[in-house]
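Below you'll find the structure, written out as structure tokens, and then a few comments.
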Amino acid sequence: MDIDSRLREAGQRWRASQGPELEHPRPASLEDDAPTGKRRKGLVPLAAAAAAAGIIFGIVSLQGASTNGQQVPAGTATTHPSSVTSPLPKPSTSTSPHPSSTVTAPPAPACVGSQLRPSLGTTGPALGTGHTQILLKNVSGQRCYLGGVLPLQGVAASGTMTRLVFPGDSATSYPSPVVPGNVAPGGFGAFWVSTQLNGCANGARFASLVIELSPQQHVQMPWPTYMSHGCLAAESAAGPFPQPIPSIP
Amino acid sequence: MSTTAQDASKRLFSVEEFTAELDRVMPVMTRVARRFAPPGDAEDVTQEACLAAWRYRHRFESKQGSFQAWVLKILLNESFKTVERRRRNGLLLGRLTDRSHSSSETPYGGSDRELETLISRLPRRQREVIGLYYFVDLPVQQVAELLGVSPGTVKSTLVDARRSLQIHLAGEETS
């Protein structure tokens, strides 16, 4: 592969690995920062604009908060935070599913457990690797943001929970990169799990799969038996499905 | 002040107009900040750049370039100043090359981290052009506008940078 293509692909992966965009200062902050001489000139209209913007921001924030707290639709599999343990440290990934300290607001509120209903998507082998697609349907009436690599846990029949560890980086999973974004009401999000089929007889086997959307938000689904075929290899980032531009590594 | 400049400053004097312009360019600003600001400082640098743009908005002249290019220049300068400040404070050692999201092997045999390390060793102008063109994903024309050079200069810088990277990659693969 020539250097130009290599740089393009590296750039594409880098962009896909970035979280939601940063936020610029609120209008009120800009008002506070206005030069003294100029501020006096337009004080009344600018103060009014800032006040109006503040009211609008407040209303939007309240609407966002009420959206997050909406009722759970029937049939949605949601677990309580206290029922999920984290015995092992979370795998280190640069594409955090949660807004990092450098991100102040995602384009839409992050998806919560009550909004997503997990289900098994397509499965199949390719070149010695098994691929399992997990679909996350947005059953709420609001769009929500989905991105980053979601930590997974396997739940044994006894109730014991084990964090799933993937030795391969998410960038090596298929498909890659997965573009994060908003999942529309009724639309789907998805992520993919790759398993190594060759030379690995004893794969992970659990009763159910817990998908962590955030430290407090989880969804749970029956264990996809196809994920027991081979050893866990890599987990892709999550994002809206279908993806805008699927990329085959 | 020219009529155009007066119009521009008048237009950008409104908080709503200014924030609307920022909304439009924030996706690109985010990528530039995460690419060129020290790791962990992208948000602060962006906030500083936005406030500086607001403070000096009367200097923006649309006939000299787009609002995006103007505000990105401020952001780049703010990023470089922060990098320099961190470097002076000795807090940036070993972190400049940590731009890659992945340390694993890529399908074509190398690694993004390896590539990022090589990019970090390029001369500053080549680093900027590579970052803006391949990673921020700006077209040559906008890279040129942002750096205040001609599109031809950007293209030749890209050629030089690619050649240098190719040589270093070949050398590392041989060794």
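Just so it is clear, the values below take in all heavy atoms, side chains as well, and ignore hydrogens, waters and symmetry mates. Numbered from 1 within each chain, the chains take letters A, B, ... in sequence-line order.
- Here the straight-line distance linking atom CG of A/Leu7 with atom CG of B/Leu118 works out to 10.0 Å at 0.5 Å rounding.
- With a threshold of 4.5 angstrom between heavy atoms, B/Asp44 does not approach chain A through any atom at all.
- A distance of 7.5 Å separates CD of B/Gln166 from CG of A/Asp2, quoted to the nearest 0.5 Å.
- Taking the ring centre of A/Trp14 as origin, the terminal cationic atom of B/Arg34 falls outside the region bounded by 6.0 Å and 45° from the ring axis.
- Distance check: A/Asp4 CG to B/Leu158 CG gives 8.5 Å after rounding to the nearest 0.5 Å.
- Dense packing is recorded around NZ of B/Lys73, with more than 12 heavy atoms of other residues, nucleotides or ligands lying under 6.0 Å away.
- Interatomic distance, A/Arg6 CZ to B/Arg162 CZ, rounded to the nearest 0.5 Å: 14.5 Å.
- The CZ atom of A/Arg13 sits 9.0 Å away from atom CG of B/Leu115, with the distance rounded to the nearest 0.5 Å.
- With rounding to the nearest 0.5 Å, the separation of CZ in A/Arg8 from OH in B/Tyr133 is 4.0 Å.
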